[in-house]
Structures are given as C-alpha cells and as structure tokens.
Amino acid sequence: LGGLAVWFHLGAGPIVAAPFLYAAADTLVRRRDLGRDLRHLVLLGLALLFVLSLFLLPARESLLEVIADKRVEQTVPWREVLPGLLRLQAGTAAAWLTAIFWAAAVAGLALLSRRDGRLALYTAVVVIGHVMGLLILSPKGLASPLILGRYLLPVLPFVLLWVAAALGLPWQSEEPALVRWTRGAAGALLVLALAAAGPFADPVVRRTSFLHHNDFVGFYRPYRRAPAAAVPPFYRTLHGETVLEAPWVYAWESNRTFYLYQEIHGGRVAVVAPQRIFYRPPLALRNAVAPEPADLCRSGARYLVVHPNLAREEDRLAPGGKISDAVSLPLRRMLRATAANLARRLERQWGEPVYADRWLRVWDLRETCGGGAHRTTAAASASAAIMSPATKLAGR
C-alpha cells in the first residue's frame, strides 16, 4: 500500500516514510526484542523499496526532470496560508467552528496520550513527519492554501482521530454513562454544525456542474459572482434547460465563465472540449463532448452556445477586471480558431443560429437535431431577440 500510494502521487512519500521513523525510534527505546524487531523493520523496508523500484527505476530519467521542475526554493507565509488551510481541513468557512474543530483535535491528542501514549505519539510523528517532508521536498505552490491542503490530505484521518478521541471513545466503558452520553451528544452536534456550515449546504455548490473548480474547492473564501452587465441576455431567457458550452477553457486558474453563467440560468452544463483526450478513452469525461454535429446532437443538451471570443469573456470576469493571466496567448488563439471553425461548420450544416450577439452564437439542438419539426417557446423568444434592434446592434 505504501508503494501504491507513492505510485499514485510522489507527494505521498513523506507519509509513507514517517511510520518507519517512528518504528525505528520505538524499537530502539523499548528494546523488548531488539534483534527481531529490527529484522522485521529492515525486511519491511526492503520490501517497500522493491515495490517502489518497480516503477521508479524505469521512470528515473523523466522522474528526475519532474522533481527538478517541481522543486523550488520558497518560504511559506504561514500567517496568510494557515487560516485558509485550517478551514479546508475542518471542512467549513466559519472561523468559530474551525476554532472548535482544532481545539477538539488538540484536546483529543492530549487525551489520547493519556490513554494510549504510543498510539498518540505515532499519530503525531506521522503528521509532523509528513509536514516536514513536504517542506524539505518543497514542491511548487506551498504558499497556496489549496495546493498545500491537497498535499496534506493524507494526514486528515489522523486529525479526525484526534477529534474523535476528544469527543469520546465508546470502547472505554469505565467512564460514567452521563459523561459518555454528554460527549457523544457534543460529537453529534459538531458533525451537524460542520454539515450545516460546510460547502455542501450552499445551494450554489449543489447546483453547479463545476464543483471541481478551484473557486468551489476553495470554499474557505467567498465565491465570485458575475456582474449583471457581464451576463449575455440569452442566459436570462432560460429556465433550467441543459446547455452545451463551446469551447471549454481547461486552464485550472481560469474557466469561470460557464459556472458564473450557470448561476443565472440554473440548468446543467456540459462542455465542448477542443482536445480529444477529454472526450475519448481513456478519459472520456462524461460532461465533455466532441465538436462534431453528431456528438452534439447526442449530448442531451437543449442549446449549444458557441463563444467566439471566450478568452475575452474570461477577462471580463477575472478578479479585479484584469486580463486573465491563466489564458495564454496561444490558448487565446486556439479558442478563437476552434470557435470560428465550429460556428462555420454548424452554419453550413444547420443554418443560422437562433440567437446571436457580441459574445454568443446559439443553436437550439432540439429543433436542429430533430429536423426542425417544432420550435419551443424559449427558442422562439431567442429568435425574436435576434430581430430586435438592440440585439442586431450588439451582434454587428
């Protein structure tokens, strides 16, 4: 399992190595059966090294390049990082609830040390060892609570064990019943409070199709909201229909446009991916669709929305109104070319869109893919919008 953890992510190395540090020190201090314990520890270490060698040695050249590229000299600004990191580990943006969670963790570690000193010391060594190992490895991004929080996810079960120890150990039957019931009730209240003040209690989080986006993963800070003037009028005519957005910006620090528009129309969103890897095996993402008319029709979406200049829309919604650094110049060119080529193909095959303005070209897939036998009220209103003077002006 240790080898498998490192195979999944090199950042698991410290938490795999930390138990060996504890075991070696524990063996030398206790000295109950020093020879046997050291022999077992060495054999286990050799077995782990053998498993690691199966994939580390064949990949050593590229592995060294990755490590050299990822490792940077950096100083973690703990005063700025720690508040967000503690909220992420606690699972809530509420400062008061985060304080209760971590107070319970510290108290639980102290109580655990009284009941089972070796177990408490083991958990502390593993947690501290993983943190120190990360600081020594120094991968990029440790100054971000999100990135540092991802690297520290392996220690979260140990923290939760400390919290559980503070709220009661059911197998410790020597405690009076009233004490056990009181601590159990406190534990239930803490869990309910974390659920009520956690990110999944937010209806925006429950509705979005972009829960993986950093703005939602970073629930410890306020979500961004789209300025009313930045939302194209078409989205306000929708009533929960599924929307297929094209093309998709896959840059992880960008890609805000579609989820911000989704907050307005409230329907499910799928994306047209410009790269085959997203919609073909082995990935074949469920919400990624190929930019082919047949695939678009099979997507189950009601409307296809093509954005001629999506990078410029990202700029309008970027923090502080600045030009989005995440959308590089080559990516901007590719997005414009992808959108232009797709729009031309669809116009030749399907005809004019039912809605068009400065930012959007919209096709009604129910009408287009169904042969144009019927036109719904929403599509008709969108078509009427094209004929209005204001929309003609914006579109031209």
Side-chain angles (χ1 to χ4, degrees), residues 208-217 224 226 230-232 234-235 238 241-263 265 267-318 323-365 368-369 395:
T208 185
S209 299
F210 299 89
L211 192 56
H212 58 280
H213 193 284
N214 273 9
D215 288 352
F216 291 104
V217 177
R224 304 189 189 282
V231 179
F234 170 76
Y235 291 104
L238 302 180
E241 292 93 348
T242 299
V243 176
L244 188 57
E245 301 276 21
W248 178 45
V249 183
Y250 47 84
W252 68 282
E253 277 286 11
S254 191
N255 193 12
R256 293 186 172 93
T257 303
F258 297 159
Y259 88 69
L260 289 172
Y261 292 168
Q262 186 181 23
E263 292 180 17
H265 64 77
R268 189 177 73 87
V269 177
V271 298
V272 178
Q275 291 185 318
R276 292 172 57 89
I277 188 174
F278 293 116
Y279 55 81
R280 293 283 187 264
L283 285 185
L285 301 179
R286 180 167 55 90
N287 275 2
V289 180
E292 301 294 335
D295 293 279
L296 300 175
C297 287
R298 286 194 297 264
S299 67
R302 173 63 193 279
Y303 293 105
L304 167 66
V305 183
V306 179
H307 298 253
N309 196 349
L310 182 59
R312 186 67 190 94
E313 291 184 73
E314 287 288 319
D315 295 341
R316 299 169 73 214
L317 300 171
I323 293 180
S324 175
D325 295 333
V327 188
S328 63
L329 186 57
L331 181 56
R332 289 170 180 268
R333 291 170 179 164
M334 189 195 74
L335 289 171
R336 286 198 300 268
T338 300
N341 292 336
L342 179 61
R344 281 195 297 267
R345 290 174 57 198
L346 296 181
E347 287 180 1
R348 286 197 301 266
Q349 185 165 340
W350 291 349
E352 292 292 323
V354 298
Y355 177 90
D357 63 18
R358 178 184 177 185
W359 304 107
L360 310 177
R361 302 289 185 272
V362 182
W363 280 266
D364 183 346
L365 295 180
T368 302
C369 301

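Computation of the quantities below employed the complete heavy-atom set of this structure, encompassing side-chain atoms and omitting hydrogens, waters and symmetry-equivalent molecules. Sequence positions, counted from 1, serve as the residue numbers for this chain. Since the structure is predicted, the reported quantities are computational estimates derived from the model, not experimental observations.
For Tyr259, the ring-ring contact (aromatic ring centres under 6.0 Å, His included) criterion is met by His213, Phe216, not counting sequence neighbours. Not counting sequence neighbours, the partners of Asp295 by the side chain to side chain contact (heavy atoms under 4.5 Å, CB included) test are Val289, Ala290, Glu292, Arg298. Checked against side chain to side chain contact (heavy atoms under 4.5 Å, CB included), Ala340 has the following partners two or more places apart in sequence or in another chain: Arg344. Under the side chain to side chain donor-acceptor pair (under 3.5 Å) criterion, Asn309 pairs with no residue, sequence neighbours left out. By the side chain to side chain donor-acceptor pair (under 3.5 Å) test, Trp248 is found to be paired with Asn255, residues two or more places apart in sequence or in another chain being considered. With sequence neighbours left out, Arg268 forms a side chain to side chain donor-acceptor pair (under 3.5 Å) with Asn287. Residues passing the side chain to side chain donor-acceptor pair (under 3.5 Å) test with Thr338: none are found, sequence neighbours excluded. Under the ring-ring contact (aromatic ring centres under 6.0 Å, His included) criterion, Tyr235 pairs with Tyr261, His265, sequence neighbours left out. Under the salt bridge (charged side-chain N to carboxylate O under 4.0 Å, His left out) criterion, Glu263 pairs with Arg225, sequence neighbours left out.
For the atom pair Leu360 CG and Arg358 CZ, the distance stands at 11.5 Å (nearest 0.5 Å). Distance CG/Leu244 to CG/Leu365: 6.5 Å, rounded to 0.5 Å. We find the CG-OH distance between Leu331 and Tyr250 to be 5.0 Å, quoted to the nearest 0.5 Å. Here the straight-line distance linking atom CH2 of Trp359 with atom CG of Leu310 works out to 10.0 Å at 0.5 Å rounding.
The minimum heavy-atom distance between Leu317 and Arg256, with the atom names listed, is O-CD, 4.2 Å. Minimum heavy-atom separation, Trp350 to Cys297: CZ2-SG, 3.7 Å. Closest approach of Val306 and Ala339 over heavy atoms only: CG1-O, 3.8 Å.
Between the side chains of Ser254 and Glu314, at least one donor-acceptor pair of N or O atoms lies under 3.5 Å.
With hydrogens and angles ignored, the 3.5 Å screen pairs a side-chain donor or acceptor of Ser299 with a backbone N or O of Leu296. Within the 3.5 Å criterion, the main-chain N or O of Glu347 finds no donor-acceptor partner in the side chain of Arg361. Counting only distance, with no hydrogens or angles, the side chain of Gln262 and the backbone of Ser209 share a donor-acceptor pair below 3.5 Å.
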Exercise. Report the C-alpha separation of Arg332 and Asp315 in whole Å, then their side-chain angles, then the decisive distance to 0.1 Å, and conclude whether the side-chain contact (heavy atoms from CB on, under 4.5 Å) test is met.
Key: CA-CA 11 Å; Arg332 289 170 180 268; Asp315 295 341; 2.8 Å; yes
Exercise. Verify side-chain contact (heavy atoms from CB on, under 4.5 Å) between Tyr303 and Phe234, making sure each step is shown before the conclusion.
Key: CA-CA 11 Å; Tyr303 293 105; Phe234 170 76; 3.9 Å; yes
Practice problem: List the steps, then state whether side-chain contact (heavy atoms from CB on, under 4.5 Å) holds for Thr368 with Leu304. | Solution: CA-CA 10 Å; Thr368 302; Leu304 167 66; over 6 Å; no
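For the pair Val249 and Phe258, the minimum side-chain heavy-atom distance is 4.5 Å or more.
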Sequence neighbours left out, cut at 3.5 Å: what donor-acceptor pairs do the side chains of residues 270-279 make with other protein atoms?
none

